[in-house]
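What follows is one structure encoded as structure tokens, with my remarks underneath.
Treat the numbers as computed from the prediction; the structure is a model and nothing was measured. Each chain gets a letter, A, B and so on, in the order its sequence line appears, and its residues count up from 1.
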There are 2 protein chains.
Amino acid sequence: MPPTPRPGRPARGSATGRPVMAALDLFGRRWTLRILWELRDRPLGFRALREQCDGMSSSVLRQRLLELIEARLVERGDDEGYGLTALGREACGELLGLHAWAERWAAELEGPGPAGRGA
Amino acid sequence: MPPTPRPGRPARGSATGRPVMAALDLFGRRWTLRILWELRDRPLGFRALREQCDGMSSSVLRQRLLELIEARLVERGDDEGYGLTALGREACGELLGLHAWAERWAAELEGPGPAGRGA
DNA sequence: GCGTAGTGTTTCTGAAACCGAAGCACCAGC
DNA sequence: GCTGGTGCTTCGGTTTCAGAAACACTACGC
């Protein structure tokens, strides 16, 4: 299991510990973005979260949660399960921007098409 | 090689084709965010881009570039190499938000610490 | 007490993704 | 013809992920 990326420590695929590199490494791992997204407006238990993520592998979910907890984006409540920290909510705010972008993206791909949209 | 995520088509790990899911899948692949980041303010050739990404594997770089081209985030100029499309620049704008967040993240982890920062 | 149902978590095996170095084909300058 | 620069491909080994099964624990009804 690779180390959890954190600012100040060299990220995977980066000689520097620049915060943005650590973030790019952390968010570039499979399911990480999705987990943050699914927790965006309420905490979820392990199994519920797994359901939301279309039944992703429990071993990987566990791993990602540990990483996110170590990175202080996620924390465990006593009853509610896993939820975002203040830092996690801020990051999720940025994902909202991505969500808006994705809608424009969809519109763009659907519409004009020099490079064709069908495979 | 898995299919390139695109809105309207079920993304990996998602039953739906919702644009945001496709985006989360696309951006959740290793190096994808980093590539966009490195292209943020000028086009780069294959080898130069590879250098910027700390010597990432050329086979994976090729794969990611094809995906990004198919997703219309990246295009090839005749001379300058690979550069962002208008859509790609928009997405990159969202990454700038992530960059700003990463700085706050670094400050937060450096400062107060209930969960400890040292391993 | 005893079984049932619900957690979160762990373990395991095979598949998929990634790494990394080497080498290819091509072109420009000399 | 050689050198040095591209972009790109191939291939064996390593890492990561997938998916199902089972574990430990708790709360409940009985």
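- Between R104(B) and E108(B) there is no salt bridge, since no side-chain N of the basic residue sits under 4.0 Å from a carboxylate O of the acidic one.
- Counting only heavy atoms from C-beta outward, the side chains of L65(A) and Y82(A) approach each other to under 4.5 Å.
- As a whole-Å value, the separation of L65(A) CG from dT10(C) C1' is 14 Å.
- At a threshold of 4.0 angstrom between heavy atoms, the contacts of G45(B) are confined to the sugar-phosphate backbone, with no base atom among them.
- Put simply, CD1 on I69(B) is 12 Å from C1' on dC8(D), counting in whole angstrom units.
- When the P atom of dC19(C) is taken as reference, atom CZ of R34(B) falls 12 Å away, rounded to whole Å.
- Across every non-hydrogen atom of D25(A) and R12(A), the tightest pair is OD2-N, 2.8 Å.
- Rounded to whole angstrom, the span from the CG atom of D79(B) across to the C1' atom of dG7(D) amounts to 14 Å.
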For nucleotides 16-28 of chain D, 5' to 3', base contacts (B), sugar-phosphate-only contacts (S) and non-contacts (-) with protein non-hydrogen atoms under 4.0 Å give SSBBBB-------
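- Paired with T4(A) under the rule side chain to side chain donor-acceptor pair (under 3.5 Å), one option of R9(A), E70(A), Q63(A), E67(A) passes, and it is E70(A).
- If you measure from atom CG of L61(B) to atom C1' of dT10(D), you get 16 Å, rounded to the nearest angstrom.
- Between R47(B) and E51(B), none of the side-chain N atoms (NZ, or NE/NH1/NH2) sits under 4.0 Å from a carboxylate O, so this pair counts as no salt bridge.
- Dashed line: the shortest gap from a side-chain N or O of R76(A) to OP1 or OP2 of dT9(C) is under 4.0 Å.
- What separates CG of L66(B) from P of dC18(C) is a distance of 13 Å, to the nearest Å.
- A cation-pi arrangement is present between R40(A) and W37(A), with the terminal nitrogen or guanidinium carbon under 6.0 Å from the aromatic centre and inside a 45° cone about the axis.
- One interatomic measurement links the two molecules: CZ of F46(B) to P of dC26(C), which rounds to 18 Å at whole-angstrom precision.
- Taking atom OH of Y82(A) as the reference point, atom C1' of dG8(C) lies 6 Å away to the nearest angstrom.
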